[in-house]
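One structure is given here, and the rest of the page talks about it.
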Amino acid sequence: MAAFASALGILPSPPASAYPQQRRLRSVKREQMQGCRSRRCSKVVSYYGLITPPYKLDALEPYMSKRTVELHWGKHHQNYVDGLNKQLATSMFYGYTLEELIKEGYNNGNPLPEYNNAAQVWNHHFFWESMQPESGGSPEGGVLQQIEKDFGSFTNFREEFICSALSLLGSGWVWLVLKREERKLSVVCTRNAISPLALGDIPIMNLDLWEHAYYLDYKDDRRMYVTNFIDHLVSWHTVTLRMMRGEAFVNLGEPNIPVA
Amino acid sequence: MALRTLASRKALVAAALGGARPLPAARGVATFALPDLTYDYGALEPAISGEIMQLHHQKHHAAYVANYNKALEKLDAAVAKGDASAVVQLQSVIKFNGGGHVNHSIFWKNLKPVSEGGGEPPHEKLGWAIDEDFGSFEALVKKVNAEGAALQGSGWVWLALDKEAKKLRVETTANQDPLVTKGINLVPLLGIDVWEHAYYLQYKNVRPDYLSNIWKVMNWKYAGEVYENATA
C-alpha cells in the first residue's frame, strides 16, 4: 500500500538506505505511471495521405504509359501531399478539410501559400478518379441528355473540350463543371492550380494540362493527348456519380411528378 | 553542323540579321523566323540532352514563331478594319507567342557548349557587379536556383540589369511573359526556361537538378557583352 502510494507521489519516499530493492521497484513504477499520464494527454496529429488510383498503374496504357503514371502520381502528386503536410505543421489551416482549404486559401484570387499544394493534391486525386481503363466513348442516359441540352450534341461538347484544352496558354487544367448560377454543364480552363471549387462551381471531370502529364508520352503533341483522353480514358461512370451528387446542390430541371 | 536541320534560307538570313528581327513580307506585315542555333543539338550534353534541344528548338520555339506570325496577321486585319475588340482580344495570344519567341531567342544565346567556353564564370565588369549586388557568384547561383525551383507552373527565371537603378536583379516571369513585363527598365542578361518541356525528358520532376546543371553550359561571355553595352 505504502509502496503504491509513494509511487503516485502522495507519500514521501523513504530514505535511500532503507529497503534499496523496494525503492528501485517503486521508481520504476513511478516512471510507468508518469509515462501513462503523459500518453493520455498527448496531442493527436493527423496528416493528409496520398490515395492510390482505382486501377493498376499500367492499366491506362497505351494512352497513358505506366512510366508517366508512376512519375505523375508517385512523384508529383506525392510531392504536393508532402509539401502540404509540411506547411500545415505550422499553418492556421491545420484541421481544415481539403475543400475548405481550397476555398479559403484561394483568397479571392490572391492565393495564400498553402493554396497551391492543397489544390494540386485535390486536383490530381480528382484526375485519377476521372479516368478508367478502356473507357471513353460517350456517356449514356441522364448525363448524355444533359450534355446534349447544354452543348447541342456530344460531338459539340467533345470539340469544345479539345479546343479549350488547346487554347490554354501555359500550365493548367481543363474541366467539365456544373455551374451553380447558370445551372448547366460547361467546359472551363483554369491556370496552374486554380480550381473551380474556389470559383464556386461543381467539378465533374478534369484533365491535367501541365506538361508533366503528357510530355513523356506525347512530347509537345497536346492535341493527341487530349483526344486520347476524351476518346479512351475519361470515366463516364465516375462522371455520372458526380453528376448525381451535383444534382443534390443544383436544380437542373423540373421534377417529373407522375399524374395519378 | 550536320545536325542543324530546317535551316531554311529565311532562318539563315534572320540569323545573320541577329535572330529576333523580322523580315518584311510583301503585304507589309513583318514575319518572324526561327533563329538558328550556333551549336549542334547534342553539343550541350550532358547538361541538356540533344533530344530536348531538338524538340525545344524545332517544335516549341518553331510553334511560337508560327503562331506569332499568324496572330500578327490577324492583328493587322483587325487594325485595318478598326475592330477594337478584336485587337484587344488578340493581345494574350500575341504576348504568349511573341514572348515565347523573344525569350527563346535569348535563351539559345545564353547557352554555349563547354568546348566553346560554356560554364566559364563571368569576369570583369559583370563579375564585379555580381559580387557587389549579390555578395558572390555562388550566392547568385543559389538565388536563381531557389527562385527557379519555387516558381509555380511554367515560366522563366532571369538575371536582369535594372538600367535605371544600375543594379542586377533576379526576377521570374510567368508563362512566356518577357522580362520587360516585370519592369520597363529591365534588360535580360541570362534567362533560364523552367517550363517542364525544357527539362522533363531528362530530369523528370527534379527541376533543381536541371537548374544546378545548366550553369555548366551558361554563356557568361554573352551576358557580359549585353551588360557592357547596357551600362556603356
Side-chain angles (χ1 to χ4, degrees), chain A residues 65 67-84 86-87 105-106 110-120 123-124 163 166-173 189-195 208-225, chain B residues 49 51-68 70-71 89-101 103-104 149-156 172-178 181 193-210:
Chain A
S65 69
R67 198 167 61 128
T68 296
V69 181
E70 271 176 347
L71 259 171
H72 198 175
W73 173 71
K75 291 277 154 71
H76 290 270
H77 195 178
Q78 180 74 66
N79 282 344
Y80 286 126
V81 172
D82 295 340
L84 178 63
K86 205 161 150 211
Q87 281 176 317
Y106 182 63
N110 231 332
L112 301 169
E114 297 86 346
Y115 174 79
N116 198 70
N117 282 327
Q120 285 293 75
N123 293 343
H124 281 90
C163 257
L166 293 176
S167 65
L168 175 73
L169 304 176
S171 306
W173 298 76
C189 277
T190 56
R191 286 194 54 214
N192 289 359
I194 296 175
S195 164
D208 192 350
L209 292 175
W210 286 56
E211 282 176 325
H212 63 239
Y214 61 90
Y215 211 77
L216 292 179
D217 296 336
Y218 297 95
K219 307 286 188 307
D220 64 313
D221 195 352
R222 197 190 262 185
R223 176 179 280 275
M224 184 98 279
Y225 166 65
Chain B
S49 73
E51 192 190 5
I52 289 183
M53 288 303 293
Q54 183 168 8
L55 269 166
H56 206 171
H57 182 244
Q58 285 184 4
K59 289 282 163 74
H60 291 274
H61 191 176
Y64 291 131
V65 170
N67 291 334
Y68 187 34
K70 266 192 262 173
Q89 206 182 8
L90 282 166
Q91 296 310 311
S92 60
V93 164
I94 288 175
K95 181 161 97 154
F96 183 74
N97 290 299
H101 173 52
N103 293 341
H104 285 88
L151 195 147
Q152 308 282 8
S154 310
W156 291 74
T172 54
T173 52
N175 290 349
Q176 294 296 353
D177 295 355
T181 56
D193 190 352
V194 291
W195 279 64
E196 282 167 333
H197 65 236
Y199 61 89
Y200 207 75
L201 291 176
Q202 187 178 354
Y203 295 97
K204 309 294 186 302
N205 66 308
V206 195
R207 194 193 277 178
D209 279 358
Y210 160 69

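If you're wondering where the values come from, they're calculated on a predicted model, not measured in any experiment. We name chains A, B, ... by the order of the sequence lines, and we start the count at 1 in each one.
B:E51 and A:K219 make their closest contact through OE2-CE, 3.4 Å (heavy atoms, listed as atom of the first residue, atom of the second, distance). Residues B:S154 and A:G170 share a closest heavy-atom pair of OG-C, 4.4 Å.
Expressed to the nearest 0.5 Å, how far CG of A:L216 lies from CD of B:E196 amounts to 10.0 Å. Note that OH of B:Y200 and CH2 of A:W210 are 11.5 Å apart. Values are rounded to the nearest 0.5 Å. The NZ atom of B:K204 sits 12.5 Å away from the OH atom of A:Y215 when rounded to the nearest 0.5 Å. Between atom CG of residue A:L169 and atom CD of residue B:Q176 there is a gap of 9.5 Å, rounded to the nearest 0.5 Å. In this structure, A:E211 CD and B:L201 CG are separated by 10.0 Å, a value rounded to the nearest 0.5 Å. For the atom pair B:K59 NZ and A:D220 CG, the distance stands at 5.0 Å (nearest 0.5 Å).
Only the side chain of B:N175 comes within less than 4.5 Å of a heavy atom in chain A; its backbone stays farther off. Within the 4.5 angstrom heavy-atom criterion, only side-chain atoms of A:N192, from C-beta onward, approach chain B. Interface remark: B:A63 contributes no atoms to any contact with chain A (heavy atom separation under 4.5 Å). Neither the backbone nor the side chain of A:D221 comes within less than 4.5 Å of any heavy atom of chain B.
No more than 12 heavy atoms of other residues, nucleotides or ligands sit less than 6.0 Å from atom CD of B:Q89.
Interface remark: of the candidates A:H72, A:K75, A:Q120, A:K75 forms the most heavy-atom pairs closer than 4.5 Å to chain B.
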